[in-house]
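Shown next, in structure tokens, is the structure this report addresses.
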Amino acid sequence: MKFLTVLVFSFFHLTAFSSHTPSDTTIKGVSIRFSYSPLIFPESWQATPISAKGEQIAASEIQRCNGLMEKALSKYPLKNLEKELKAVYFLKSMKFYEVDFGGTNSTDALYLTNGGISNGYSDIYLEETFHHEYSSILYRNHPSFFNAREWKKASIRGFKYKDPENGVGAIRKNQSSQELDTLLCKKGFLTQYSLSGLENDINTFAQNMFSPPDNFWTIVDQYPRIKKKVKLLTDFYYKIDPLFTDDYFRNLQR
């Protein structure tokens with residue numbers, strides 16, 4: 001989930017405003033942070049209409065977050081992370097535009113919500129959200145690597161992404177399901193949320209490729225439009241690093 005405008009904000013500004021606590025750590029060169037201040041958000045996010053708000057994560061969730069980050073970050077080459085991602089911030093909750101967000105991203109940092117397993121923030125959900133949001137950073141940093149024309153051709157003819165707010169409207173209207181939907185797969189989309197915008201469509205494929213449910217590759221091989229988009233996104237990641245081949249993704253596990 002992301003904003004309409006690309007928000008450029010350096011990690012070095014973030015560190016200047018956020019104090020370390022003993023729970024903050026570093027994994028594969030990425031700063032993992034749990035201490036909350038409104039100043040962790042870029043200044044432009046704090047002003048209306050974005051009006052960024054967050055809530056400190058529960059201390060009991062910190063160990064689980066660290067374990068999840070060890071797993072998620074291990075799926076990327078170290079040199080990629082060193083170049084593209086500086087920090088991951090975990091919060092109990094956060095709001096933008098008065099809408100609850102599960103995750104978002106700035107230039108080189110991710111912001112992820114974890115309100116506890118009992119509230120639906122499972123290990124799978126959190127890892128998927130990480131890959132979802134990180135794909136936005138990579139997509140934004142390497143636009144020439146992505147074949148948008150062929151991607152759009154893989155969708156059903158005449159389709160146009162329908163959320164002018166690029167995902168925010170879908171969340172507000174409760175049209176942001178991330179459940180795999182085989183009826184939509186016939187049209188070239190994995191989930192309801194994929195319909196809201198090109199970047200959200202890419203994000204949804206990325207989260208399923210890096211953290212695939214048991215039936216994901218069966219769906220890929222069954223629906224030609226889905227298979228074409230997976231091939232296009234694999235090509236995109238391969239241009240970022242040759243580690244990312246079809247075989248690599250097919251061997252990844254949740």
Side-chain angles (χ1 to χ4, degrees), residues 1-14 29-30 42 44-45 50 72-73 75-88 96 101 103-112 128-157 159-170 176 178 188-191 193-211 220 225-246 248-249:
M1 304 168 193
K2 67 289 300 162
F3 303 122
L4 292 170
T5 304
V6 174
L7 298 167
V8 178
F9 195 78
S10 168
F11 166 72
F12 300 105
H13 290 100
L14 292 172
V30 178
S44 59
W45 295 13
I50 299 174
L73 292 169
K75 297 180 180 181
Y76 299 86
L78 181 60
K79 63 182 180 180
N80 170 259
L81 296 171
E82 289 175 340
K83 181 180 179 181
E84 313 276 8
L85 185 63
K86 301 301 182 184
V88 177
F96 309 100
F101 271 53
T104 194
N105 59 86
S106 63
T107 303
D108 52 14
L110 303 183
Y111 302 80
L112 306 179
E128 283 184 344
T129 305
F130 170 85
H131 298 303
H132 180 113
E133 297 300 336
Y134 188 36
S135 69
S136 278
I137 291 179
L138 297 175
Y139 169 67
R140 193 161 57 235
N141 288 352
H142 305 281
S144 66
F145 291 175
F146 184 76
N147 193 331
R149 181 178 179 182
E150 288 300 312
W151 184 276
K152 292 176 182 178
K153 286 170 64 176
S155 302
I156 192 170
R157 181 176 294 181
F159 173 81
K160 292 183 180 180
Y161 294 105
K162 62 183 182 180
D163 185 358
E165 296 180 274
N166 194 27
V168 178
S176 58
Q178 290 284 20
F189 305 95
L190 289 173
T191 71
Y193 188 63
S194 298
L195 303 171
S196 61
L198 172 62
E199 188 174 335
N200 302 330
D201 196 8
I202 294 167
N203 297 154
T204 302
F205 273 82
Q207 74 185 50
N208 282 284
M209 289 167 63
F210 277 97
S211 183
V220 172
R225 295 181 186 277
I226 298 298
K227 192 168 188 175
K228 182 175 181 179
K229 284 187 175 180
V230 166
K231 174 64 165 58
L232 289 167
L233 196 55
T234 300
D235 290 346
F236 168 80
Y237 276 99
Y238 183 81
K239 291 174 184 176
I240 292 173
D241 193 283
L243 171 72
F244 296 123
T245 63
D246 182 71
Y248 179 79
F249 283 113

For L78, enumerate each residue passing the side chain to side chain contact (heavy atoms under 4.5 Å, CB included) test, keeping only those at least two apart in sequence or located in another chain. K28, E82

Set of residues satisfying side chain to side chain contact (heavy atoms under 4.5 Å, CB included) with respect to N147, sequence neighbours excluded: R149, E150, L232

[X] versus [Y], closest heavy-atom pair with distance:
X	Y	answer
G103	T129	CA-CG2, 4.1 Å
Q178	Y193	NE2-CD2, 3.3 Å
S135	N203	OG-ND2, 2.8 Å
A148	L198	CB-CD2, 4.5 Å

Atom NZ of K231: over 12 foreign heavy atoms under 6.0 Å: no

Close side-chain approach of [X] and [Y], heavy atoms under 4.5 Å:
X	Y	value
K75	M209	no
V88	E133	no
N80	L243	no
D246	Y238	no
W151	D201	yes
L138	F145	no
N208	V230	no
L85	F130	yes

Anything under 30° is parallel, anything over 60° is perpendicular, the rest tilted; go ahead and classify F244 against Y76. perpendicular

Can you label the angle between the Y161 ring and the F159 ring as parallel, tilted or perpendicular, going by 30° and 60°? perpendicular

Spacing of [X] atom [atom1] and [Y] atom [atom2] [to the nearest 0.5 Å]:
X	Y	atom1	atom2	value
T234	F205	OG1	CZ	10.5 Å
F189	I156	CZ	CD1	8.0 Å
K83	N141	NZ	CG	8.0 Å
S106	I137	OG	CD1	6.5 Å
E199	T204	CD	OG1	10.5 Å
H132	T104	NE2	OG1	9.0 Å

Do K229 side-chain atoms and A154 backbone N/O form a donor-acceptor pair below 3.5 Å? no

I'd like to know if the side chain of Y134 and the backbone of N105 have a donor-acceptor N/O pair within less than 3.5 Å. no

Who are the salt bridge (Lys or Arg N to Asp or Glu O under 4.0 Å) partners of K239, not counting sequence neighbours? none

Check: F101 ring centroid to Y111 ring centroid under 6.0 Å: no

Taking the six-membered ring for Trp and the single ring otherwise, decide whether the centroids of Y237 and F210 are under 6.0 Å apart. yes

Can you check side-chain contact (heavy atoms from CB on, under 4.5 Å) on F236 and I202, steps first, answer last? CA-CA 11 Å; F236 168 80; I202 294 167; over 6 Å; no

